[in-house]
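Every heavy atom of this structure was used, including side-chain atoms; hydrogens, water molecules and symmetry mates were not. Both counts, for ligands and for their atoms, begin at 1 and track the order of listing.
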Amino acid sequence: MTILASASVNLFRIPTRIVYGRGVASRVAEPLAEVGAKRVLIVTDKGVRNAKLLEPIEQALRDAGVTYDSYDDVVPDPGVAEVDRCFARYRESGAQAIVAVGGGSSIDTAKMAAVLATNGGSVLDYVGIDKVAKPAAPVVAVPTTAGTGAELCVNSVIANKAEHKKLVVISPNATPLYALEDPLMTVGLPPFLTAITGMDTLVHAIESFVCKNAYRASELLALEAVKYAAEALPRAVKDGKDLEARDLMMQSVIMATLAFSNTRLGNVHAMALPLGGWFDVAHGTAVAVLLPHVMAFNRDSALEKFETLAQAMGEEADAQNAVDHAFRLNEQIGIPKRLRDVGVRDDGIERMTDDAMKSGNIAVNPRTTERADIIALYRAAL
Ligand SMILES: [Fe+2]
């Protein structure tokens, strides 16, 4: 039986063990020893390899006598074929666990390959809520962004490129065993990637805070995540070597993900996935551009919460201040102003609306949302 969160049922499940601290990436061998893995597959992308972020991890594996192979071919927005390729590599290598190093794409590819390792079948069998019967093979996830929260989240996003769809797998059995949250791994992340991945965190926190499934404990986590991100994101974008800002952003990711993994999100995420599916808009860019428009739409349905959000963002407790702050923050950190600036066209709005309306995030958005509302919101952001 699956117990789902709702407005009257609070859910809190975090299957992943979370380790946070500067330098914890180099402790990677310890969780592997815990599960007896002597041979592992590193799942990453060439950017992470070229940025030399794998060196401390590979050194730690060698020191511990863990043998490893690498799959460096993760692409942005991985699809079914990419997961199958990664899984084939895992099987050929004889690995007993995966070390995923990178952003959401690397970590989601690893999570899905690990699901196939123990459950068989195709990723498409697991789309939806709680369809994964057995725990995935052990994954130790080391994020290099702060971030999507993929390293400790029950959600994974897989692209179906032929149908322009982004599919979501939601299951406690499809999560990493460990998340090693090391702010030092994010220091070299360029300003624009820092901005869009950080906005994803802020949007997770805001959407979880105001959504219909929120309850006191999830709200506290989400609200602290908003405070940390509002303070630290502009700093981390301005100066990537601002270690305190990188620390705060990593902590913001952890708190935001603990919250939204248990409450779901809202209209921003319902609308963002079709932007990726139809127009290849990067997830962080999509959610950042949409955020202030959806906040304006939701404001009067959750006035007190928006006042609290305004304060968490360092403003006077006025609901409109939260909306204005989000617009200003986007401008300050270099987010494109409009969806048209990133290639979105008006003639895609109907199709995107069809897809957005199928998302479970619509039902938990604080303001009841109809098809016409989604069309108007896409138009407003276009
Ligand atoms: Fe997101």
Salt bridge flag under 4.0 Å for residues Lys241 and Asp239: no
Check which protein N, O or S atoms are less than 2.8 Å from the Fe ion (ligand 1) and report how many there are. 4
In the structure I gave you, are the side-chain heavy atoms of Phe192 and Thr285 within less than 4.5 Å of one another anywhere? yes
Does the side chain of Tyr178 pick up a donor-acceptor pair with the side chain of Glu151 at under 3.5 Å? no
Can you see whether Asp247 engages Gln251 through a side-chain donor-acceptor pair at a distance of less than 3.5 angstrom? no
Quickly, which of Arg85, Arg49, Arg89, Lys46 forms a salt bridge (Lys or Arg N to Asp or Glu O under 4.0 Å) with Asp73? Name it, please. Lys46
Sorted by chain and residue number, the ring pair (Phe, Tyr, Trp, His ring centres under 6.0 Å) partners of His325 (sequence neighbours excluded) come out as none
